[in-house]
Number of protein chains: 2
Amino acid sequence: MIECSKCQRVESIMKAGFVRGKQRYLCKDCNYFFTLPSAQVPTKRKRHQTTIIDIARELGVSNSTVSRALHGHPDISPDTKKAILEAAIQLDYQPNQLAYSLVKSRSNTVGIIVPEFLTQFFPNVIVGAQGVLSRAGYHLMIMQSDESYETEVGNTRALLANRVDGLIVSMSHETNNYEHFQAFEKRGVPVVYFNRVCREIGTYKVVVNDYQGAFRAVEHLIANGYRRIAHLAGPRNLVISQERLRGYTEALQKYGLPVLPELTIHGDLTVEKARIYGRYLLELDHPPDAIFAVNDPTAIEILLLARAKGLRVPEQLGVVGFSDDSIAMHIGNGLTTVKQPTNLMGQTAAELILKLISEDEDTYPAETQVLETELIIRGSSVRGGR
Amino acid sequence: MIECSKCQRVESIMKAGFVRGKQRYLCKDCNYFFTLPSAQVPTKRKRHQTTIIDIARELGVSNSTVSRALHGHPDISPDTKKAILEAAIQLDYQPNQLAYSLVKSRSNTVGIIVPEFLTQFFPNVIVGAQGVLSRAGYHLMIMQSDESYETEVGNTRALLANRVDGLIVSMSHETNNYEHFQAFEKRGVPVVYFNRVCREIGTYKVVVNDYQGAFRAVEHLIANGYRRIAHLAGPRNLVISQERLRGYTEALQKYGLPVLPELTIHGDLTVEKARIYGRYLLELDHPPDAIFAVNDPTAIEILLLARAKGLRVPEQLGVVGFSDDSIAMHIGNGLTTVKQPTNLMGQTAAELILKLISEDEDTYPAETQVLETELIIRGSSVRGGR
DNA sequence: TTGTAAGCGTTATCAC
DNA sequence: GTGATAACGCTTACAA
């Protein structure tokens, strides 16, 4: 049964205890201790996937020939090529992208990290990006940070480990440290930031003109006779919050309205905070007659609060949101909102990353693409007869 | 500086024009012309990623020792381990998951294919699945088929090429051929179907009790006095459509109401079709007094049609949807709907796939997990005073 | 405890 | 046109 690994004798073998759970043997003849290599204890063998070598063996050619045939390389005779392609189908060959990526040092995959998945905004961007990328033969590896800095760092680590060729990212609202993104650039992997960008880093960005969108929204409220306009703002560290706040402020200033600090409250984009701060605003001694919210979910929360308090919208309270989520059209008489070109945003980011991937120098000039917004006017902000 | 490639002398070198843009040199001593091999002319050299070998060289140990240290292998001295871990950090080492996957023949990644991204349903499922998987150290590769059979086949091919360890899938409504899924099982890659499953294949499924959800929805309409209840159904080939239709039919039968063929119309789940068929239903000579729609988007389309026609909801028309999209809560006086446990569905599918991956035999018994639905009653179906 | 070397599935650079 | 053979970065017997 058991033969000595050294002298091949069988008759002189005796058991000699265990090593790490494996039977140890002693050959009395040559005084040699050994254990059996575990390969000889055939466990459940993985099903074998057909490889390029299987095809080569099948046809008696070399694997390089097979590789060439499979890739439409010019220097190959039509006959062998035909035979190889047929064998590939017959053996149900599926190329191993992992091996390919390893040798080419590129994965044909770009990663995208978004803070959340539950509003329409990010899924729409993803769909836009995916269209462009898949047309270019790239895959998209989608990750969500769940608005958590730690998860985001984990996401970047995973994408880095998977050697994505590029990264498209919108930051979590907790993110104040950018080393994990810089790690990509340090390795020559291009990064395109969109929507939630920051000022500190990032040479390639895709954003909307938040300032102008906010400005027009507030201007529209003023034109509809609202005079005491509050702003439910986003987190201070996000550029989108800052820009929307700036639009709000400057619109008030342009029309000679006072900018009252007590009417701007910074939330965190969630409805939970919106409920608290919205209630606070509406219960002020001298409450606002309109609220410009940093996004649609919070604007909708304001509408619900108003309804609960018996405030008539738009007569007693005007409300404007930002993004044009699909709910905006349907709630009440409609929510006026600043529409963002979500799909286009994804497409633009994808095109930019493809461009950066193809130029392997990063000599490509820094670039921030600014997309335009559109004010969608609905029932929540239009007072008749003024 | 420059030494002769032949005689290694340095002092006898002189420049001698250019060859293909590269400086050409002449060694006066041995009369030899040469150019520098391009490796020495560092062009845009791919940035080198630190590997295990770099660490090994740095410390003068072997790569296997490094590998062991990095994986907390027991048989390693604390000192070398410490040194290696420090060097890894200092050299900013990032493991190459591709190489790892190649040698282990598993990617620690599971794929998920969903038909679309734009309703809340699938993103919610994905979030649920991702939570479970990432806690287990797996990544999720998300693909969307865009309700197209061809795209779906492309998705499966990509996931197969990337050697995912498992697949979670909800089919496009065009899918009638299942070879591309069977390819996974043939290779020993487990597949879990959810939501859009089919009867023909699939031993592991996660679904909700569509039949019961639909039955209760229709029962609720009957209890509210509706008698001529139509059904805006889904595509015939989907099991969810069939089951919801069965629930509708049997509820009517239970309460002795006739099942009228002209009141069941099969759509394709899109609002476009819902608009056409909805209008058709509402313009019948003898129109229905309630409509049970196969999903929320189509139910909402019905609400909008009713509003446009001046039909009062729920007095003149009752409406019930399916899924509890976030809009359902907000539209009009609320849309009554059958809530699905989306997040749980994702979790369940993920747990099942993990179980299947860990048993590398597929001895695991076939299993269909049926989750329960909940009827959420809102304004679109409750007539007061009956 | 550590090193050596084979191998995972490809592509690419040479020869022939 | 085709075949060896060396990478790619890593894990893992097995040897030392």
Side-chain angles (χ1 to χ4, degrees), chain A residues 5-6 19-20 22 24 32-41 43 45-57 59-84 88 91 93-108 160-163, chain B residues 37-39 46 48-57 59-84 88 91 93-108 160-163:
Chain A
S5 317
K6 212 164 199 173
V19 183
R20 278 180 243 146
K22 284 173 69 178
R24 182 161 173 250
Y32 178 66
F33 285 96
F34 62 95
T35 56
L36 256 29
S38 41
Q40 285 179 248
V41 184
T43 55
R45 204 167 63 81
K46 269 274 169 192
R47 224 167 304 221
H48 179 70
Q49 301 256 84
T50 304
T51 73
I52 237 171
I53 298 177
D54 296 323
I55 301 179
R57 257 200 293 263
L59 266 51
V61 297
S62 78
N63 43 356
S64 17
T65 305
V66 177
S67 173
R68 281 189 279 254
L70 258 22
H71 285 72
H73 194 94
D75 285 352
I76 191 159
S77 86
D79 286 355
T80 36
K81 182 168 177 175
K82 183 155 165 284
I84 287 170
L91 295 176
Y93 169 75
Q94 288 286 348
N96 187 326
Q97 170 74 28
L98 266 35
Y100 176 91
S101 299
L102 184 60
V103 62
K104 302 280 276 189
S105 344
R106 64 200 175 82
S107 56
N108 279 311
L160 220 41
N162 279 282
R163 296 295 190 267
Chain B
S38 41
K46 268 275 171 191
H48 177 70
Q49 301 257 89
T50 304
T51 74
I52 234 171
I53 298 179
D54 297 323
I55 300 179
R57 258 201 292 265
L59 267 51
V61 297
S62 77
N63 45 354
S64 34
T65 305
V66 177
S67 173
R68 282 187 279 252
L70 259 21
H71 286 72
H73 195 93
D75 285 350
I76 191 160
S77 87
D79 287 354
T80 38
K81 181 167 178 177
K82 183 155 165 283
I84 287 170
L91 295 176
Y93 170 75
Q94 290 286 347
N96 187 326
Q97 170 73 26
L98 267 35
Y100 176 90
S101 299
L102 185 60
V103 60
K104 303 280 276 188
S105 341
R106 63 199 175 82
S107 56
N108 280 309
L160 220 41
N162 279 283
R163 297 293 190 269

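So you know, we letter chains A, B, ... as the sequences are listed, proteins then strands, and number each from 1. Excluded from the calculations below are hydrogen atoms, water molecules and symmetry mates; all remaining heavy atoms, backbone and side chain alike, are included.
- Residue A:Thr80 places no side-chain N or O under 4.0 Å from the OP1 or OP2 atom of D:dG1.
- A:Ile52 approaches A:Val66 most closely through the heavy-atom pair CG1-CG1, 3.5 Å.
- Computed from coordinates, the B:Asp54 CG to D:dC10 C1' distance equals 13 Å when rounded to whole Å.
- For the pair A:Asn162 CG and D:dC10 P, the interatomic distance rounds to 13 Å; values are reported in whole Å.
- Following rounding to the nearest Å, A:Leu59 (CG) and D:dT2 (P) show an atom-to-atom distance of 11 Å.
- Proximity of A:Asn96 to B:Leu102: side-chain heavy atoms (C-beta onward) are separated by under 4.5 Å at one or more points.
- A donor-acceptor pair is defined here as one N or O able to donate and one able to accept, closer than 3.5 Å; no such pair exists between the side chain of A:Gln97 and the backbone of B:Arg163.
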Q | B/S/- contact track for nucleotides 8-16 of chain C, protein heavy atom under 4.0 Å | A | BBBSB----
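- In this structure B:Asn63 satisfies the side chain to side chain donor-acceptor pair (under 3.5 Å) test with no other residue, sequence neighbours excluded.
- With sequence neighbours left out, A:Ser67 forms a side chain to side chain donor-acceptor pair (under 3.5 Å) with no residue at all.
- Taking atom CD1 on A:Ile84 and atom P on D:dG1, their separation rounds to 14 Å, with Å as the unit.
- Among residues two or more places apart in sequence or in another chain, the side chain to side chain donor-acceptor pair (under 3.5 Å) test is passed with B:Ser77 by B:Thr80.
- The residues B:Lys82 and B:Asp79 are annotated as not salt-bridged, no charged nitrogen and carboxylate oxygen being separated by less than 4.0 angstrom.
- End-to-end axis angle of the helix from C:dT1-D:dA16 to C:dC16-D:dG1, using five pairs per end and rounding to 10°, comes to 40°.
- Contact annotation for A:Ser101: no contact, since no heavy-atom pair falls under 4.0 Å across all strands.
- The salt bridge (Lys or Arg N to Asp or Glu O under 4.0 Å) test applied to A:Lys104 returns no partner, not counting sequence neighbours.
- Side-chain atoms of B:Thr65 lie closest to C:dG3 of the nucleotides D:dG3, C:dT1, C:dG3.
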